[in-house]
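Being a predicted model, the structure only gives us computed values, none of them experimental. A, B, ... follow the sequence lines: proteins, then strands. Residue 1 opens every chain.
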Amino acid sequence: MSRYNFRETEEKWQRVWRERRLFEVSTKPTTRKYYVLEMFPYPSGKLHVGHVRNYTMGDLVARYRRAQGFNVLHPMGWDAFGLPAENAAMAEKVHPAAWTRENIATMRAQLQRMGFAYDWSREIATCHPEYYRHEQKMFLDFLANGLAYRKEAWVNWDPVENTVLANEQVIDGRGWRSGAIVEKRLLSQWFLRITAFTDELLEAIQRLDRWPERVRLMQENWIGRSEGARVVFELAGRDERVEVFTTRQDTLFGASFVALSPNHPLAQKLAATDPGLAAFIGECNRMGTSEAVIETAEKRGYATGLEAIHPFDRQRRVPLYVANFVLMEYGTGAIFGCPAHDQRDLEFARKYGLPVIPVVLPPGADPAGFAIGDEAYVEQDGTLFNSSFLDGLTVAGAKRAAGERLEALGQGQRTTVFRLRDWGVSRQRYWGCPIPIIHCPVCGIVPVPEHDLPVTLPEDVSFDKPGNPLAHHPSWKHVRCPQCGGGAERETDTFDTFFESSWYFLRFCSARDSHAFDREAVAYWMPVDQYIGGVEHAVLHLLYSRFFTRALSRCGYLDLDEPFAGLFTQGMVCHQTYRSAAGEWLFPEEVERDDSGRLIGPDRRPVVTGRTEKMSKSKKNVVGLDAIVDTYGADTARLYLLSDSPPERDLEWTETGIEGAWRYVNRLWRMVSEPAVALPPPGAVVTGELAPEVDMLRRVMHRTVAAVGDDLDKFRFNRAVARIRELTNAIEEVPPAVLGTGAGPAVLREALETVTLLVGPMMPHLAEEMWQVLGREGLVAEQAWPVADPELARQEQVTIAVQVNGKLRGTLECPRDAEQSMVETAALQLPQVLRWLEGRPPRKVIVVPNRIVSIVA
RNA sequence: GCGGACGUGGCGAAAUGGUAGACGCAGCAGACUUAAAAUCUGCUCCUCAGCCGAGGGUGCGGGUUCGAGUCCCACCGUCCGCACCA
């Protein structure tokens, strides 16, 4: 019995595909296009099996759509800028560029060994100046169109590393690498005006009907629209006024304080003459930003001694505080506190002895007896009281009336605010795209002239000192001002790496163009028909890309708003974790079973098994891709990644699972290389009467074709695999004695060729080899997708279930679409049915054609 | 706290409101083999029963329906996202 030689086979067909440049595509305006894209990887080192699940899915889609006749664009590239390269530079003394280059070479080879149908002629790496020069130009165009600007912003500052940290780099209030407590600092940073598109970005989510519902929800929540009002509080005895934002203008008569964020300009101003306040603000800014800190932090305030005048009643005064729980980044950075109807305000009021005035009476409550205890009444259900002209109104009515009154008095206006903030793109990092700006002491901020682009990174940098290597490079930043010719300095910040990934999908449309992209190519290929990636990018990358596409359109690059028509978010690949007796993480291959079946580590001592978690280097629960491809081949790995779990759910990688996939690969191989009966030559036509078993096989085959197509369309890959396995089971269940007679061999050939075509997108190398062994010309990769004949897919004989009082009592074999009355009569004569009816006539009989007969006794 | 998803055999799972457990993993028994591997065959939701069969079963409790894993209500649990958002 021959075993499938995947090593030779996979190399052979990869060579054939490459030599024929099969997957290199060009724009063909007359052909239907299909753009499949998997989120491009960061070249972090070596791939493990968990990394390739989404590429396997993308490749399946690409090959399936090709077979359906689409002109398919399926490119691959590298999101090549980022921190790990700098960390490696520090730890291993390698240059980030060299480290990145080597990783790309390794990972490219790994992807090629998997046999993915990429158009490698379009490969890009974002760290290449030929890529990032275009985004420097884009940035300058954004600047000219008011979509990029510089402002002071509060950032997470790591005082040891001298750099800004992204929110996700702050863990428990400390820098993720230095361990230093992160501070809030005011810094000048570049921002992209994503908020110019807030309404559009929010509204267009509704039309992204091929996106997962939860991603759309996450984006909606992130943009976070809330309707309310800005309300002006004048300060007694001073010229200043405080503007607050509220969604509860209806509760203004319950106001008992006004609070400013510690970073509010007025708070800063007051602190200049109030050392106590200055100290309080300093404390607030040193407080961490992590969830844990926030959750445990107690609400604290500092009474400024000033008083705010109530906008509806100039006689009423409320104290002005600076409070640690008021965010500068949201609304106006100031709030009014209504303790009766907001839990935070209530805690604050109790702590500082402020009055709690209920103004919304819950339905059915007694106005005389209603009081607030430990819990604020936050439901927006009830009627207003204690509220002058708002008394008796509903919450909604009071919001409207209060808003109108504020506007009439000039004390505020109704407005909508969003949680979404502009995108800060400055990073104090070396391994990123330089921001093409020159700071001139005379002319100020001067864009680098277009003919001087790209601004490239200097190669001779040192990572010995903390902070940004670009900033302490001896010469790089010193330049002449393009405007006045005087001495000036380059901007030493680089872009956030989300900048590169916000337009790479456009670059793929014409990857070698001297412009960022060719308009016609983009018009042809975009939008991406099917985008595939992890849900961890549900907000940031996907939102930035949606914004970028709009911003580029506004700057005249494009005529497009949504880049991704279809999105699929795949689940993670998980694996059991192991620790040695000493508590160290162990790689799965370090764990083995001893004679008594216990799991033991390299030290021969028992291993502690932990929970099954996402594969990650830190926990060592990774299975290397090379090892799997060496042992089982790419097709086996691909099959396993597609077959065991629904694609959107997590997949648990197990040794037995991959073994099972390997068995099936060999089974398929044996079916075609040693067929049960001798096959007729290719092209044999099925004619004449078929034996019932053979006829059945043919019908199963057509049904399988229909079902697999449907499953692939709907991303139910695990089901598609199960269907194909059912078909192979059906083939093997026909006794050879029957299969060898009449048209049997021709039907077998038909079935084997069909299986070959169906597994083509999943196991492309095996499919090519099967095709060849079956004596067929050409490549599976060039064959059309099989089409089911509805006549032949139809079931002629159906099994109908018979229920009595809702319980299954028997089944009935009937011809398809049999007369209902006949089915009913037959059902009522079943012995089991007669027994349950006990001679009485049925009260009711329901016949669902071809499905079920339900009898009510 | 807010928002969302999910809960089915020993395990991964499948099931347009219509025979729950397809397909696979694991296990058991058998065949082939000197033996092992590979391969093949059969069995495997639970309880009672020699067999025929009967009863129960999709996290828990109700409801709608001839019929509910699927729809509705309430609860329990797990996971994910956001979160001092005014």
Legend entry - Under 3.5 Å donor-acceptor, A:N621 side chain and A:E613 backbone: yes
Inset, instruction - Look at A:R809 and B:G55 and indicate whether a side-chain polar atom (N or O) is within less than 4.0 Å of OP1 or OP2. - result: yes
Inset, instruction - May I ask you to evaluate whether A:R663 reaches the phosphate of B:C25, defined as a side-chain N or O under 4.0 Å from OP1 or OP2? - result: yes
Inset, instruction - Grab the CH2-C1' distance between A:W211 and B:G81 for me, whole Å please. - result: 16 Å
Legend entry - Atom C1', compared across B:G21 and B:A14: separation rounded to whole Å: 7 Å
Legend entry - First encountered from the 5' end of RNA chain B, between A:E213 and A:R248: A:E213
Inset, instruction - Would you indicate what A:T799 reaches in the nucleic acid, counting non-hydrogen atoms under 4.0 angstrom: base, sugar-phosphate, or nothing? - result: base
Legend entry - Watson-Crick or G-U wobble mate for B:U19, both contacts under 3.5 Å: none
Inset, instruction - From the options B:G18, B:C84, B:C25, select the nucleotide whose nearest atom is closest to the side chain of A:V848. - result: B:G18
Legend entry - Heavy-atom side-chain contact between A:V326 and A:K299 under 4.5 Å: no
Legend entry - Distance-only donor-acceptor check, side chains A:D644 and A:N718, under 3.5 Å: no
Legend entry - Side chain of A:R344 (C-beta onward), nearest among B:A86, B:A13, B:G4: B:A86
Legend entry - C1'-based separation of B:A22 from B:G69 [nearest Å]: 15 Å
Inset, instruction - Kindly say whether, by distance alone, the side chain of A:K299 makes a donor-acceptor pair under 3.5 Å with the base of B:C84? - result: yes
Inset, instruction - Look at the side chain of A:R670 and decide which nucleotide, out of B:G18, B:C40, B:C25, has an atom nearest to it. - result: B:C40
Legend entry - C1' atoms of B:C66 and B:U19, separation to the nearest Å: 16 Å
Inset, instruction - Specify the separation, in whole Å, of atom CG of A:L808 and atom C1' of B:G55. - result: 14 Å
Legend entry - Per A:N729 side chain, nearest of listed nucleotides B:C23, B:C82, B:C84: B:C23
Legend entry - Heavy-atom donor-acceptor pair, A:T656 side-chain to B:C25 base, under 3.5 Å: no
Legend entry - A:N221 side-chain proximity, nearest of B:C80, B:G18, B:G3: B:G3
Inset, instruction - Using whole Å, report how far CG of A:L651 lies from P of B:A13. - result: 9 Å
Legend entry - Separation between the P atoms of B:C51 and B:C46, rounded to whole Å: 14 Å
Inset, instruction - Check whether the side chains of A:Q576 and A:T612 place a donor and an acceptor atom closer than 3.5 Å, and report yes or no. - result: no
Legend entry - Presence of A:K807 side-chain N/O under 4.0 Å of B:G56 phosphate oxygens OP1/OP2: yes
Legend entry - C1' atoms of B:U33 and B:U39, separation to the nearest Å: 11 Å
Inset, instruction - Starting from P on B:U65, measure out to CD on A:Q803 and report it in whole angstrom. - result: 16 Å
Inset, instruction - Please determine, for the side chain of A:S645, which listed nucleotide (B:G12, B:G4, B:A20) has the closest atom? - result: B:G12
Inset, instruction - State, without any angle test, whether A:Q249 and A:R414 hold a side-chain donor-acceptor pair at a distance under 3.5 Å. - result: no
Inset, instruction - Quick one: look up who B:U58 pairs with, Watson-Crick or G-U, both distances under 3.5 Å, and put none if it's unpaired. - result: none
Inset, instruction - Could you work out the separation of B:C75 and B:G4 based on their P atoms and round it to a whole Å? - result: 15 Å
Inset, instruction - Decide whether a cation-pi geometry holds between A:R809 and A:W836; the criteria are a distance under 6.0 Å from NZ or CZ to the six-membered ring centre and an angle within 45° of the ring axis. - result: yes
Inset, instruction - Measure the distance from CD1 on A:I223 to P on B:C85 and round it to the nearest whole Å. - result: 19 Å
Legend entry - Any-strand Watson-Crick or G-U partner of B:U64, both distances under 3.5 Å: none
Legend entry - Per A:Y330 side chain, nearest of listed nucleotides B:A86, B:A15, B:G18: B:A86
Inset, instruction - Hunt down the Watson-Crick or G-U wobble partner of B:A5, both distances under 3.5 Å, from any strand shown, or write none. - result: B:U78
Legend entry - Closest nucleotide among B:A26, B:A86, B:G18 to the A:F245 side chain: B:A86
Inset, instruction - Verify the ring-centre separation between A:F6 and A:W662: is it less than 6.0 angstrom? - result: yes
Inset, instruction - Ignoring hydrogens and angles, state whether a donor on the side chain of A:R843 or A:N805 is under 3.5 Å from an acceptor on the partner side chain. - result: no
Inset, instruction - Look through every strand shown and name the nucleotide pairing with B:C48 as Watson-Crick or G-U wobble, where both distances are under 3.5 Å. - result: B:G53
Legend entry - From B:A14, B:G18, B:G55, nucleotide with atom closest to A:R851 side chain: B:G18
Inset, instruction - Scan side-chain atoms only and decide if A:S226 and A:Y330 contain a donor-acceptor pair under the 3.5 Å cut-off. - result: yes
Inset, instruction - Write down the distance separating the C1' atoms in B:G53 and B:C60, rounded off to the nearest Å. - result: 31 Å
Inset, instruction - Could you check how far CG of A:L642 sits from P of B:C23, rounded to whole Å? - result: 19 Å
Inset, instruction - With heavy atoms under 4.0 Å as the rule, sort A:L217 into base, sugar-phosphate or nothing. - result: sugar-phosphate
Inset, instruction - Report yes if a side-chain nitrogen or oxygen of A:R649 is closer than 4.0 Å to either non-bridging phosphate oxygen (OP1 or OP2) of B:G12; otherwise report no. - result: no
Legend entry - Pairing partner (Watson-Crick or G-U wobble, both distances under 3.5 angstrom) of B:A13: none
Inset, instruction - Send over the distance from A:L830 CG to B:U19 P, rounded to a whole Å. - result: 16 Å
Inset, instruction - Determine the Euclidean distance between corresponding P atoms of B:G18 and B:A13; express it in Å to zero decimal places. - result: 22 Å
Legend entry - Paired nucleotide for B:C84 [Watson-Crick or G-U wobble; both distances under 3.5 Å]: none
Inset, instruction - State the syn/anti category of B:G10 according to its glycosidic angle, syn meaning within 90° of 0. - result: anti
Inset, instruction - Using a 4.0 Å heavy-atom cut-off across all strands, classify A:N718 as base, sugar-phosphate, or nothing. - result: sugar-phosphate
Inset, instruction - Between A:E813 and A:V721, just flag the one whose closest nucleotide in RNA chain B comes earlier from the 5' side. - result: A:E813
Legend entry - Interatomic distance where CD belongs to A:Q219 and P belongs to B:G3 [whole Å]: 20 Å
Legend entry - A:R725 to A:Y664, cation-pi by 6.0 Å centre distance and 45° axis angle: yes
Legend entry - Phosphate contact (B:A54 OP1 or OP2) by A:R835 side-chain N/O below 4.0 Å: yes
Inset, instruction - Write down the partner of B:A29 under the Watson-Crick or G-U wobble criteria, each distance required to be under 3.5 Å. - result: B:U41
Inset, instruction - Looking at every strand, decide which applies to A:W662 at a 4.0 Å heavy-atom threshold: base, sugar-phosphate, or nothing. - result: nothing
Inset, instruction - Could you check whether A:G660 gets within reach of a base, just the sugar-phosphate, or nothing at all, counting any heavy atom under 4.0 Å? - result: sugar-phosphate
Legend entry - Selected nucleotide, minimal atom distance to A:V326 side chain, candidates B:G53, B:A22, B:A86: B:A86
